[in-house]
J.: 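Sharing a structure below in structure tokens format, with a few things to ask.
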Amino acid sequence: NAGVTQTPKFQVLKTGQSMTLQCAQDMNHNSMYWYRQDPGMGLRLIYYSASEGTTDKGEVPNGYNVSRLNKREFSLRLESAAPSQTSVYFCASSESGGTSGGLETQYFGPGTRLLVL
Amino acid sequence: KNEVEQSPQNLTAQEGEFITINCSYSVGISALHWLQQHPGGGIVSLFMLSSGKKKHGRLIATINIQEKHSSLHITASHPRDSAVYICAVRSRTGNQFYFGTGTSLTVIP
């Protein structure tokens, strides 16, 4: 099993450009998450998908859109990138999500480093 | 104010020392996670707990729900333990996640 995979590993964008970060998991997990990690801020949840076909906003959703394409894949899109979106983006998945009251382990991908100039 | 506070922010220890990292939180939670982030950036989930104590090898995690406090202990620390340790909580309502800013641990041989 590859676990949680993310592409690309690194990306440089100009302000205003768009891009999609891809995430896939092969563990048959129901829930998937997108986080961003900034120095001094810790990890912050951008969007969350409890199951295929559903998405919910997290703490910092502005400027992002997500698509739960199927059970395996959860993509994060930046329609018009801004320098404030320079960050490291982590995708994660867990088995059952909200139905287990939080008592599940999240598995993280390797991260995508995004630089917006 | 951050809902999750960790201390210390940075910690340097000699190999073999006993290490404690603390986490305090201010919200009602359903679970608390301890994560480890290696210098390369990868994040690994170490523990998930909602009460009591868990042990895995040289790592021990405890939580006191009444005091809203958790500790991560590392016994007989080793240079390969050098990493950032992150405390995270999931709110009782289920959809809110809060993360500490991490404790950077360096273990010197």
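Hydrogens, waters and symmetry mates play no part in the numbers below; they use all other heavy atoms, side chains included. Reminder, nothing fancy here: chain letters follow the sequence lines and each chain counts from 1.
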J.: Hey, any chance A:Tyr48 and A:Tyr89 share a hydrophobic cluster, counting ILVMFWY side chains that come within less than 4.5 Å of each other, even indirectly?
T.: no

J.: Using heavy-atom distances under 4.5 Å, tell me whether A:Tyr35 contacts chain B through its side chain, its backbone, both, or neither.
T.: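 Side chain only.
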
J.: At a heavy-atom separation under 4.5 Å, does B:Gln6 approach chain A through its side chain, its backbone, both, or neither?
T.: neither

J.: Enter the distance from A:Gln37:CD to B:Thr101:OG1 here, rounded to the nearest 0.5 Å.
T.: 10.0 Å

J.: CZ/B:Arg90 to OG/A:Ser94 distance, rounded to the nearest 0.5 angstrom?
T.: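 If we round to the nearest 0.5 Å, B:Arg90:CZ and A:Ser94:OG are 6.5 Å apart.
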
J.: So with a 6.0 Å cut-off around CD of B:Glu15, is the heavy-atom count from everything else above 12?
T.: yes

J.: Check for me, please, whether B:Ile65 and B:Leu32 land in the same ILVMFWY cluster - side-chain distances under 4.5 Å, paths through other members count.
T.: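 Per the 4.5 Å side-chain linkage, B:Ile65 and B:Leu32 are co-clustered.
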
J.: Under 4.5 Å heavy-atom distance to chain A, tell me which part of B:Leu35 shows up: side chain, backbone, both or neither.
T.: side chain

J.: Specify the closest pair of heavy atoms between A:Gln106 and B:His33, including all atoms of both residues, with the distance to one decimal.
T.: N-CE1, 4.5 Å

J.: Hey, quick one: are B:Val107 and B:Leu59 part of the same hydrophobic cluster, counting side-chain heavy atoms closer than 4.5 Å, chains of contacts allowed?
T.: yes

J.: Is A:Arg113 atom CZ crowded by more than 12 heavy atoms from other residues, nucleotides or ligands, each under 6.0 Å away?
T.: no

J.: Using every non-hydrogen atom in the two residues, find where B:Phe99 and A:Leu43 come nearest and quote the distance to one decimal.
T.: CD1-O, 3.1 Å

J.: Are A:Ile46 and A:Val4 connected, step by step, through hydrophobic side chains (Ile, Leu, Val, Met, Phe, Trp, Tyr) whose heavy atoms are closer than 4.5 Å?
T.: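 A:Ile46 and A:Val4: separate clusters.
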
J.: Where on B:Ile43 is there a heavy atom nearer than 4.5 Å to chain A: the side chain, the backbone, both, or neither?
T.: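 For B:Ile43, backbone and side chain are both near chain A.
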
J.: Nearest 0.5 Å please: distance from the CD atom of B:Gln37 over to the CZ atom of A:Phe90.
T.: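 B:Gln37 CD to A:Phe90 CZ: 4.5 Å, rounded to 0.5 Å.
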
J.: Do you reckon B:Val4 sits in the same ILVMFWY cluster as A:Val60, going by side-chain contacts under 4.5 Å, direct or chained?
T.: no

